[in-house]
Protein chains: 2
Amino acid sequence: MARTAGSHSDITGPRVRAAALRLFARGGYAAVSMRAIAAEVGVQAGALYTYTPDKQSLLFDLMESHMTELLEAVNDDAELPAQARLRAFVVFHIAFHHARPDAVFIAYMELRNLTDKNFARIEALRRDYENGLERILRDGVAAGAFRVADTKIATLAIIAMLTGVNTWFRAAGRLSLEEVTAQYWEMVRRAVS
Amino acid sequence: MARTAGSHSDITGPRVRAAALRLFARGGYAAVSMRAIAAEVGVQAGALYTYTPDKQSLLFDLMESHMTELLEAVNDDAELPAQARLRAFVVFHIAFHHARPDAVFIAYMELRNLTDKNFARIEALRRDYENGLERILRDGVAAGAFRVADTKIATLAIIAMLTGVNTWFRAAGRLSLEEVTAQYWEMVRRAVS
DNA sequence: GTCTATATAGTGATAGAC
DNA sequence: GTCTATCACTATATAGAC
């Protein structure tokens with residue numbers, strides 16, 4: 001059946017989200033206008049409000065989707081030996097974050113532009129993710145495979161270090177992502193041994 | 001001698017910079033208006049333009065001052081044994097960054113709000129700082145004190161890890177800055193050994 | 001040095017036609 | 001579902017009085 005002319009709810013919605021993601025990452029939430037997002041999509045500003053009640057919800061949805069996908073993808077296997085388990089986390093973290101630089105950037109640059117309620121929700125998801133790594137470290141310490149003075153500190157240190165890859169790595173650069181991942185894993189491995 | 005009433009160029013200037021630093025760190029450059037900065041200082045918006053030609057210059061000056069102070073303070077001593085030299089860097093980095101969280105936050109959250117020319121200048125200063133750490137690592141490798149596959153990667157990994165302390169450390173928390181520093185140093189030490 | 005007033009432009013969001 | 005038009009604000013920056 002032919003749709004009403006100009007009716008594209010099934011594809012415009014995702015396009016709005018994609019444009020917002022791109023522009024927020026590039027220019028920052030506060031600096032990007034609804035008009036700029038609309039222009040990127042190819043519609044007028046008023047049309048955006050069919051897909052989001054307001055600009056804040058658009059930001060929150062992007063961040064929540066990202067964190068939810070991250071938590072669903074991480075897939076930790078507690079049966080693995082401690083080192084293999086930690087290595088799997090390192091490889092996963094770098095690959096997952098490398099694949100979606102804009103979402104990663106937004107997820108921790110735009111926290112301050114969330115309302116209090118939305119901020120609390122995103123922070124809870126982030127803590128869930130951190131707890132996943134801390135569990136790996138704690139189990140490894142208990143099994144005698146790792147030597148870590150404080151697993152919470154080590155968790156935060158490792159995540160900061162790994163996420164940092166996104167700020168400088170370029171596929172066209174001197175090293176492949178595999179080589180970079182191998183070297184980060186080596187540093188993490190030593191740091192907890 | 002009595003000054004002209006309302007004439008305070010010697011103290012208002014620094015107060016404008018301090019207010020901008022605080023507000024930019026809290027709300028983000030794009031989201032903070034000149035009126036908001038003026039209100040924080042206790043003057044009207046127009047008066048700010050006695051101290052800065054425009055908002056962009058205000059941001060750039062804050063970032064440039066921060067990076068310049070960082071480079072002047074780092075004070076690397078190439079005569080030290082490799083481990084002591086690296087340890088001094090780690091201790092310095094954490095202490096310096098802990099002492100000025102707002103400037104640190106701005107210096108890497110607001111990069112995208114700089115004009116191209118200003119961005120290039122700040123990036124050059126940042127590279128200078130990174131090169132300082134890389135020199136320490138390279139010398140240590142040459143002396144046989146460190147084992148590092150790629151000193152550039154190790155540099156970026158270490159800096160990301162150390163700067164991350166600012167995102168979570170609170171003086172009122174479970175651990176003192178000295179304890180935290182000791183544990184980060186231990187992780188860095190192992191990662192390059 | 002600071003004020004008030006203002007120019008010029010842009011903002012998020014809504015109403016109603018099609 | 002998208003458009004045009006618009007409301008009510010807010011923005012940066014400047015001019016000229018004091």
Side-chain angles (χ1 to χ4, degrees), chain A residues 1-24 26-63 106 110 112-118, chain B residues 1-21 23-24 26-63 106 110 112-115 117-118:
Chain A
M1 304 305 292
R3 313 178 64 92
T4 304
S7 173
H8 304 289
S9 77
D10 50 343
I11 65 164
T12 305
R15 271 162 50 77
V16 168
R17 291 167 53 89
L21 185 76
R22 220 177 94 86
L23 293 179
F24 287 165
R26 183 149 320 194
Y29 172 77
V32 172
S33 68
M34 293 299 270
R35 280 169 179 77
I37 297 169
E40 181 94 347
V41 175
V43 297
Q44 292 300 314
L48 297 181
Y49 292 88
T50 307
Y51 304 100
T52 181
D54 49 38
K55 193 185 175 189
Q56 167 73 204
S57 301
L58 193 48
L59 175 63
F60 175 69
D61 288 347
L62 292 172
M63 293 176 71
I106 288 172
E110 301 298 357
R112 63 185 166 190
N113 286 310
L114 292 172
T115 61
D116 289 350
K117 186 166 153 291
N118 287 345
Chain B
M1 304 308 293
R3 315 176 63 91
T4 305
S7 174
H8 304 288
S9 77
D10 50 342
I11 66 163
T12 305
R15 272 163 49 77
V16 168
R17 291 167 52 90
L21 186 75
L23 294 179
F24 287 166
R26 183 149 321 194
Y29 173 77
V32 172
S33 68
M34 294 299 269
R35 279 171 180 77
I37 297 169
E40 180 95 346
V41 174
V43 297
Q44 292 299 314
L48 298 181
Y49 292 87
T50 307
Y51 304 100
T52 180
D54 49 37
K55 194 185 175 189
Q56 167 71 204
S57 300
L58 194 47
L59 175 63
F60 175 69
D61 287 347
L62 291 173
M63 293 176 70
I106 287 171
E110 302 297 356
R112 64 183 166 192
N113 286 311
L114 292 172
T115 61
K117 185 165 156 293
N118 287 345

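A, B, ... follow the sequence lines: proteins, then strands. Residue 1 opens every chain.
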Looking only at side-chain N and O atoms, does [X] come under 4.0 Å of OP1 or OP2 in [N]?
X	N	result
Thr12(A)	dT2(D)	yes
Thr50(A)	dT2(D)	no
Tyr51(B)	dT2(C)	yes
Gln44(A)	dT2(D)	no

Could you run down the sub-3.5 Å N/O contacts of the protein with nucleotides 7-11 of chain C?
| residue | atom | partner | partner atom | Å |
| --- | --- | --- | --- | --- |
| dT11(C) | OP1 | Ser33(A) | OG | 3.1 |

Is any side-chain heavy atom of [Y] closer than 4.5 Å to one of [X]?
X	Y	value
Ile37(B)	Phe24(B)	yes
Thr52(B)	Met34(B)	yes
Tyr29(B)	Ile106(B)	no

In whole angstrom, what separates [X]'s [atom1] from [N]'s [atom2]?
X	N	atom1	atom2	result
Tyr49(A)	dC7(D)	OH	C1'	13 Å
Asp54(A)	dA13(C)	CG	P	5 Å
Leu59(A)	dG12(C)	CG	C1'	15 Å
Ile37(A)	dA13(C)	CD1	C1'	13 Å
Leu48(A)	dT14(C)	CG	P	13 Å

Original post:
Can you tell me how far CZ of Arg26(B) sits from CG of Leu21(B), rounded to the nearest 0.5 angstrom?
Top reply: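 Here the rounded value is 10.5 Å.
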Subject >> Euclidean distance, Asn113(A) CG relative to Phe60(A) CZ, rounded to 0.5 Å >> reply: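 Phe60(A) CZ to Asn113(A) CG: 14.5 Å, rounded to 0.5 Å.
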Original post:
So which pairs with a foot in residues 42-60 of chain A pass salt bridge (charged side-chain N to carboxylate O under 4.0 Å, His left out), sequence neighbours left out?
Top reply: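 For residues 42-60 of chain A: none.
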